[in-house]
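Beneath this line is the structure, given in structure tokens, with notes to follow.
Chain A is the first sequence line, chain B the second, and so forth, proteins listed ahead of strands; every chain is numbered from 1.
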Amino acid sequence: MPELPEVETIKNDLSRLVVGKKVLDVTTDTAKQVVPSLSVVKKQIVGASIKKIQRRAKLLIIHLSNGKILVFHLKLTGRILIRKTNIPRDDWQHITIFLSGNKELRFCDLRKFGWMKLMKNGKEFDSELVGFGPEALEVKLKGFQQILSSTTRAIKVLLLDQKKIAGIGNIYACDALNLAKIDPTRKSNSLNPNEQKKLLLSIQKVLKAGIKYRGASDQFYLDALGHKGAYQEHFLVYARAGEKCFNCHGKVEKVKLAGRGTYYCSACQV
DNA sequence: AGTCGCCTGGTA
DNA sequence: TACCAGGCGACT
């Protein structure tokens, strides 16, 4: 569920809420979501304090004072909530990290696809991140053009490939392609320089809008305090099948592309 | 490139 | 009842 803007919002929230807090205990009721295991994680992080929060791609990363690093992937339905200990359990709460100051970091996940991994040291951490492409908000035009011309895959499929470019998910891929007026099924290497540039600008524009509105909560996403984001009120095409395209007078259509729901306007996206 | 699996829920 | 869901890795 959470893509770059949602994880970025949580990262910013956590930086405010839990940096400096000490880890007191860790529990889970879904052992498989904790890697390598609850007992190892507990042994390695209890007593350490939270030093810094980071995001890379769609990963949320917590650096601890003893050099250990916790990496979270929220997949489709993960949430990270910071609650006072006296607040009743949250829905689908599966991992709890008890913190000093009577706070808890709660990892909640309806579909249980998400995970939390402990990295013993910087080396292990680096190897976890090595496969990702450049950050979508940081990649330069030249690098982006190289990524595009490296393949004949459909452009939308490429944008979702974290190994090529990191942070974009289905919502922002659909909206960016609409803003750039590019057909999602176009071959990546068929874009001309003008289209390449327009696409990169559009990607960065919709991601920044996502961050500005604190993420898209049309389905499941909540920020670290349990509040909804508002980007769903600003979707360009995502989840708007049958409605009017904002670029032109066309109608937003929904098709399947590489198994994923894809929203676009066939009138102006060419 | 396409399909399946991991899981659970909401909606047609 | 069937299908859909913002991710992603393994498999063919």
Side-chain angles (χ1 to χ4, degrees), chain A residues 1-10 28-35 55-60 71-80 90-95 107-117 127-133 136 150-178 184-190 203 206-207 209-211 213-223 228-242 252-264:
Chain A
M1 168 189 220
E3 309 178 30
L4 184 155
E6 288 75 27
V7 181
E8 182 72 13
T9 301
I10 295 172
T28 184
D29 68 352
T30 50
K32 56 175 292 191
Q33 294 190 276
V34 179
V35 182
R55 179 193 59 74
R56 170 76 169 109
K58 300 171 191 170
L59 299 176
L60 181 75
V71 180
F72 293 82
H73 198 311
L74 304 180
K75 294 289 179 87
L76 274 74
T77 58
R79 292 171 174 164
I80 302 275
D90 280 288
D91 291 339
W92 310 291
Q93 182 177 333
H94 293 308
I95 302 172
F107 179 88
C108 308
D109 188 2
L110 185 157
R111 288 170 76 178
K112 302 179 189 169
F113 291 170
W115 43 255
M116 175 180 84
K117 282 189 199 175
S127 65
E128 180 76 22
L129 298 189
V130 75
F132 288 105
S150 72
T151 178
T152 59
R153 293 157 83 194
I155 179 62
K156 189 202 168 213
V157 177
L158 178 76
L159 295 183
L160 294 178
D161 185 345
Q162 305 300 302
K163 293 187 283 296
K164 297 290 186 176
I165 180 166
I168 305 168
N170 207 24
I171 291 177
Y172 296 95
C174 289
D175 275 11
L177 286 162
N178 176 256
T185 64
R186 284 272 299 279
K187 287 183 189 302
S188 300
N189 66 355
S190 76
I203 288 167
V206 297
L207 291 174
I211 293 170
Y213 292 111
R214 301 184 55 78
S217 292
D218 65 316
Q219 300 216 1
F220 217 82
Y221 165 77
L222 297 177
D223 69 20
K228 288 185 172 196
Y231 182 73
Q232 68 280 4
E233 295 159 25
H234 304 271
F235 284 159
L236 300 177
V237 285
Y238 184 78
R240 293 187 62 245
V252 177
E253 295 167 44
K254 185 182 181 186
V255 296
K256 253 203 156 98
L257 182 55
R260 312 291 305 280
T262 299
Y263 299 86
Y264 80 113

Can you identify which nucleotide, out of [options], has its nearest atom closest to the [X] side chain?
X	options	value
A:Lys58	B:dT8, C:dC8, C:dC4	C:dC8
A:Tyr221	C:dC4, B:dG9, C:dG6	C:dG6
A:Phe113	C:dC4, C:dG6, B:dC6	B:dC6
A:Lys163	C:dG9, C:dG6, B:dA1	C:dG9
A:Tyr238	C:dC8, C:dG6, B:dG9	C:dG6
A:Thr152	C:dC8, B:dA1, B:dG2	B:dA1
A:Arg153	C:dA5, B:dA1, B:dG2	B:dA1
A:Leu110	C:dC8, C:dA5, B:dT8	B:dT8

task: For the residue pair A:Tyr231 and A:Tyr213, categorise the inter-ring angle as parallel (less than 30°), tilted (30 to 60°) or perpendicular (more than 60°).
output: tilted
Just checking [X]: base, sugar-phosphate only, or nothing, at a heavy-atom cut-off of under 4.0 Å?
X	answer
A:Asp109	nothing
A:Gly169	sugar-phosphate
A:Gly114	nothing

- request: Using the P atom on both, measure B:dC4 against C:dC3 and round to a whole Å.
  value: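 So the two P atoms sit 12 Å from each other.
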task: Determine the Euclidean distance between corresponding P atoms of B:dG9 and C:dC8; express it in Å to zero decimal places.
output: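 Comparing P positions in C:dC8 and B:dG9 gives a spacing of 22 Å.
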message: Between the side chains of A:Arg153 and A:Asp161, is the shortest nitrogen-to-carboxylate-oxygen separation below 4.0 Å, so that they form an ion pair?
response: yes
task: Work out which heavy atom in A:Gly229 is nearest to a heavy atom in A:Gln232; give both atom names and the distance.
output: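 So the two residues come closest at O-NE2, 2.9 Å.
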